[in-house]
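Notes to accompany the following structure.
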Amino acid sequence: MINVTKNFNQILELIQNFSTLAHRSANSVRLLAVSKTKPIENIIDVYKAGQRIFGESYAVEAADKITKIKEMGITDIEWHFIGPIQSNKTKLIANNFDVVHSLDRIKIAERLNDQRLESLPKLKVLIQVNISNEEQKSGCNIDEIDNLISYIKTNCPKLELKGFMGVAEDTENKEIIDSQFKVLSEIFNHYKNIDENISELSIGMTNDMDLAIKNGSTMVRIGSAIFGAREYHKNN
Ligand SMILES: *Cc1c(COP(=O)(O)O)cnc(C)c1O
């Protein structure tokens, strides 16, 4: 049996160590526990160990788990959507999540804004930028960022832009990952200087969290190091 509580505590310690190495305070980097494909029991174990921010990637699976966890009386979890967004899933995402990391195009911004219920607070969004230069990867191109930001500011009163998210190339080559994080870090700093609302740089996963923290990550998204290898079901 996998001990998610032990894994979780080890990750907190790692974040602290990498922060120290980067001359940053440990509380400047938050942990997003990525529970996609994992059962509710695993989420509850990590919740009981103190974690309050969880990330999910599949809208239908996530909405089901979020509803059930709320029905158990647990209402102080902040839910982050981090997966690619299909337009027929925007309503589920708009109304079950607090933060969306994977906003990458105008059409999705428009739909999230239209479908977010008036009774809910603004939906926090990060723009996912394609930093890995891989054709099939999600994320908007760097030259489209300005346009997407002005669309959100002008047309999306129910969205609140908080920053940027990136996924580095899946490679063993640390220099490539480092340079891709550097690109997004510079973009983040540029917009942070002109917009005081911009405060989140979501970079870093299980295999590259050290480089992400070195490059200024404010939130690392860690899945397998806490919950073990993913379990894919046909419903995903
Ligand atoms: C699944 C996923 C993660 C977590 O990845 P691990 O390598 O398991 O830590 C982080 N970010 C995104 C966008 C993901 O889809």
Side-chain angles (χ1 to χ4, degrees), residues 11 14-15 18 22 29-38 53-59 61-62 78-87 89-90 93 97-105 108-109 112 124-145 148-149 161-192 198-230 232 236:
I11 287 294
L14 265 184
I15 291 175
F18 290 138
V29 187
R30 290 191 296 158
L31 167 63
L32 178 66
V34 176
S35 48
K36 65 186 186 217
T37 80
K38 296 299 172 181
I53 325 174
F54 289 85
E56 290 279 343
S57 295
Y58 306 103
E61 174 205 329
E78 192 176 272
W79 292 102
H80 293 224
F81 190 82
I82 64 172
I85 305 179
Q86 296 164 271
S87 48
K89 300 285 165 38
T90 48
I93 296 167
F97 286 86
D98 305 293
V99 186
V100 171
H101 290 225
S102 41
L103 177 57
D104 64 357
R105 56 199 194 274
I108 298 300
L112 290 174
K124 297 187 173 102
V125 295
L126 311 185
I127 291 177
Q128 181 175 357
V129 181
N130 182 350
I131 51 172
S132 69
N133 305 313
E134 289 164 288
E135 283 285 322
Q136 76 284 10
K137 276 276 164 79
S138 348
C140 78
N141 292 326
I142 291 171
D143 61 6
E144 297 164 344
I145 296 174
L148 183 51
I149 292 183
L161 180 65
K162 296 300 289 181
F164 300 92
M165 185 271 256
V167 178
E169 200 171 311
D170 187 9
T171 168
E172 306 276 296
N173 187 327
K174 297 244 164 204
E175 278 166 32
I176 292 179
I177 297 173
D178 192 47
S179 70
Q180 293 176 348
F181 282 160
K182 206 153 266 136
V183 168
L184 193 56
S185 175
E186 279 165 16
I187 291 168
F188 169 67
N189 286 324
H190 167 77
Y191 287 101
K192 192 161 93 106
I198 303 272
S199 58
E200 294 290 356
L201 176 59
S202 166
I203 50 174
M205 301 165 48
T206 293
N207 291 327
D208 55 23
M209 60 183 289
D210 53 337
L211 293 172
I213 291 172
K214 171 178 166 256
N215 280 293
S217 173
T218 64
M219 206 185 305
V220 288
R221 311 178 306 268
I222 308 297
S224 40
I226 300 174
F227 296 103
R230 241 114 35 214
Y232 284 99
N236 292 326

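This one's a predicted model, so the numbers in the text were calculated from it and none came from an experiment. Positions are given from 1, in the same order as the sequence printed here.
- Val167 has its side chain within reach of Gln128: a pair of non-hydrogen atoms, C-beta onward, lies under 4.5 Å apart.
- Taking CZ of Phe81 as the start and OG1 of Thr90 as the end, the distance is 10.5 Å to the nearest 0.5 Å.
- The shortest side-chain heavy-atom distance between Met165 and Arg221 falls under the 4.5 Å cut-off.
- Counting all heavy atoms, side chain and backbone alike, Ala212 lies closest to Gly204 at CB-CA, 3.3 Å.
- In this structure, Ser185 contributes its side chain and Gly216 its backbone to no donor-acceptor pair below 3.5 Å.
- Counting heavy atoms from C-beta outward, Ile85 and Val100 have side chains that approach closer than 4.5 Å.
- A donor-acceptor pair under 3.5 Å is formed between the side chain of Thr218 and the backbone N or O of Leu201.
- A donor-acceptor pair under 3.5 Å is absent between the side-chain atoms of Arg230 and the main chain of Lys36, judged by distance alone.
- The distance from atom CE of Met219 to atom CG of Leu126, rounded to the nearest 0.5 Å, is 6.5 Å.
- Annotation: the span from Ile149 atom CD1 to Ile198 atom CD1 amounts to 5.5 Å, rounded to 0.5 Å.
- Taken from CG in Asn207 to CG in Asp170, the straight-line distance is 7.5 Å, to the nearest 0.5 Å.
- Within 6.0 Å of CG on Asn189 lie more than 12 heavy atoms contributed by other residues, nucleotides or ligands.
- A salt bridge links Glu200 with Arg30; the closest basic N to acidic carboxylate O contact falls under 4.0 Å.
- Listed here is the closest heavy atom pair of Ile11 and Ala225: CD1-CB, 3.6 Å.
- Side chain of Asp98 to backbone of Trp79: a donor-acceptor contact under 3.5 angstrom is found.
- Salt-bridge formation is not detected for the pair Lys214/Asp210: no Lys NZ or Arg NE/NH1/NH2 atom is positioned less than 4.0 Å from an Asp or Glu carboxylate oxygen.
- Side chain of Asp104 to main chain of Gly139: a donor-acceptor pair is present (N/O by atom type, distance under 3.5 Å, no hydrogens or angles).
- Considering CG of Leu184 and CD1 of Ile142, their distance stands at 8.0 Å, rounded to 0.5 Å.
- Relative ring orientation between Phe164 and Tyr191 is described as tilted, the plane-to-plane angle lying within the 30° to 60° band.
- Gln180 and Ser132 share no donor-acceptor pair across their side chains, judged by distance under 3.5 Å alone.
- Side chains of Met209 and Ile15 form a contact here, defined as non-hydrogen atoms less than 4.5 Å apart.
- Between Phe54 and Phe227, the two ring planes are tilted [angle within 30° to 60°].
- Two residues are said to be in side-chain contact when any heavy atoms from C-beta on lie closer than 4.5 Å; Ile203 and Phe188 fail this criterion.
- Taken from CD1 in Ile108 to SG in Cys140, the straight-line distance is 12.5 Å, to the nearest 0.5 Å.
- Residues Ser199 and Lys162 are in side-chain contact: their nearest non-hydrogen atoms beyond the backbone lie under 4.5 Å apart.
- By the 6.0 Å contact criterion, CG on Asp178 is enclosed, its count of non-hydrogen atoms from other residues, nucleotides or ligands being greater than 12.
- Closest approach of His80 to His101, counting heavy atoms only: ND1-NE2, 2.8 Å.
- Paired with Thr206 under the rule side chain to side chain contact (heavy atoms under 4.5 Å, CB included), one option of Ile226, Leu14, Ile222 passes, and it is Ile222.
- Nearest heavy atom pair, residue Ala22 against residue Ile213, reads CB-O, 4.2 Å.
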